[in-house]
Amino acid sequence: MRCSYARRLSGLFAAAMVVVFASEAFAHEYRVRDLAIDHPWTRSTPPTAKTAAGYMTLTNNDSVDDRLIAVRTPAAKTAELHRSEQKDGVMQMRRQENGIPIPAGSSVELAPGGYHIMMTDLSAPFVRGKDVPLTLVFEKAGEVAVELRVEAPTGGQMHGPGH
Amino acid sequence: MSRKNLALVSLLAAVALVIVAGIVSWRLDLAPEHNNASPAGMGVINAAPVGGPFELVDHTGTTVTDRRYAGKYLLVFFGFTFCPDICPTELTKIAETMDLLGADSAMVQPLFITVDPQRDTVPVLADYVTHFHPALVGLSGTSKQIQDVAKAYKVYFARAGADDSADYLMNHSAFIYLMGPDGANLKLFSPRATAEQMATVIRAQLRPAS
């Protein structure tokens, strides 16, 4: 009796661990020093699209503040840090001249309707299966090369904007 | 299995369950709007006196008026194809809403009206709207026609920045308008509304509870 109880429990433990790891398997993550860059992604674009936006979650595990100050990509003529803000029902996109602050011990989301990397004059349309190379430049942590996963237009929407 | 091992395995299982429970609740926290059972939750705004007749050109090059869509529910969004963040996000949401509605989507016509007719010509719009959903219709027109329809829908739009660059952005109202078959506005959806909420609200309009 006791033995089968133990076996059942250990089976449950194994199943629980599978759930934990499987739920993370779809994301991809990068690290540079104490900064984690989680699941950088962008949307596939129409063939003649001129612009696209890149999204990700930045987590600063260090005890000092950091800042995303610049981005570079060979996939577009320009890549800038922007933020969409709604004011009295009007959407405005503002260039973040001072970069995107990532305070010590906190996470900042680049997500639809908020902070994003704006890419203009794409050298080719973004298509699924062809990740977009991007270099992130942080004030303290330095540079790191990542790839934006190209998702279908519906991709990433499960989180919704506004967080 | 010894008593000691049993205790250890039990402890490990308990720890694992706590971890899973923690992760699940964290994930749910990330998407509070999905747990909001209220169909008229965050992002759904009551009817406003907006809308009216228009004459525009659709993405196939055909001149159309509001009469073309009479009898259908309309989902109207104003934007521009150069828009990197908000417009693809909202159009994706409209596409998801159509898919969630399933067969009911036959009653709904989504319209994307450009506020940037200078760059959003018929071929550009055709390429753009078909990327999002086969039912989505793109509408452009002369500057006067766009100004008129924007005025009717009380849509604000303005070119951002003062430079003469061709790569300009536009500030614009980011609501999605739900119009009834008679042309009256039924609801507004802000960017906070999810596709699930929009589909629920539209279904309630299509099939009012008796």
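Because only heavy atoms are used, hydrogens play no part in the values below, and waters and symmetry mates are left out as well, while side chains stay in. Within every chain, numbering begins at 1; the chains are lettered A, B, ... in the order of the sequence lines, protein sequences first and strands thereafter.
When each of A:M118, A:R43, A:K50 is checked for a side-chain contact (heavy atoms from CB on, under 4.5 Å) with B:P84, only A:M118 meets the rule.
Of all heavy-atom pairs between A:T48 and B:V124, the closest is OG1-O, 4.5 Å. Closest non-hydrogen pair, B:T81 versus A:T51, comes out as O-OG1, 4.1 Å.
Within residues 125-137 of chain B, the residues having any heavy atom less than 4.5 Å from a heavy atom of chain A are, in residue-number order, B:D127, B:Y128, B:H131, B:F132.
Between A:H82 and B:D85 there is no side-chain heavy-atom pair separated by less than 4.5 Å.
Note: A:E151 CD to B:T92 OG1 = 11.0 Å, rounded to the nearest 0.5 Å.
Neither the backbone nor the side chain of A:T42 comes within less than 4.5 Å of any heavy atom of chain B.
Few gaps surround CD on A:E85; more than 12 heavy atoms of other groups in view lie less than 6.0 Å from it. Annotation: A:K130, atom NZ; neighbour count of heavy atoms from other residues, nucleotides and ligands within 6.0 Å does not exceed 12.
When the candidates A:S44, A:P47, A:A52 are compared by the number of heavy-atom contacts under 4.5 Å with chain B, A:P47 comes out ahead.
Contacts of B:R203 classified as salt bridge (charged side-chain N to carboxylate O under 4.0 Å, His left out), with partners at least two apart in sequence or in another chain: B:D104.
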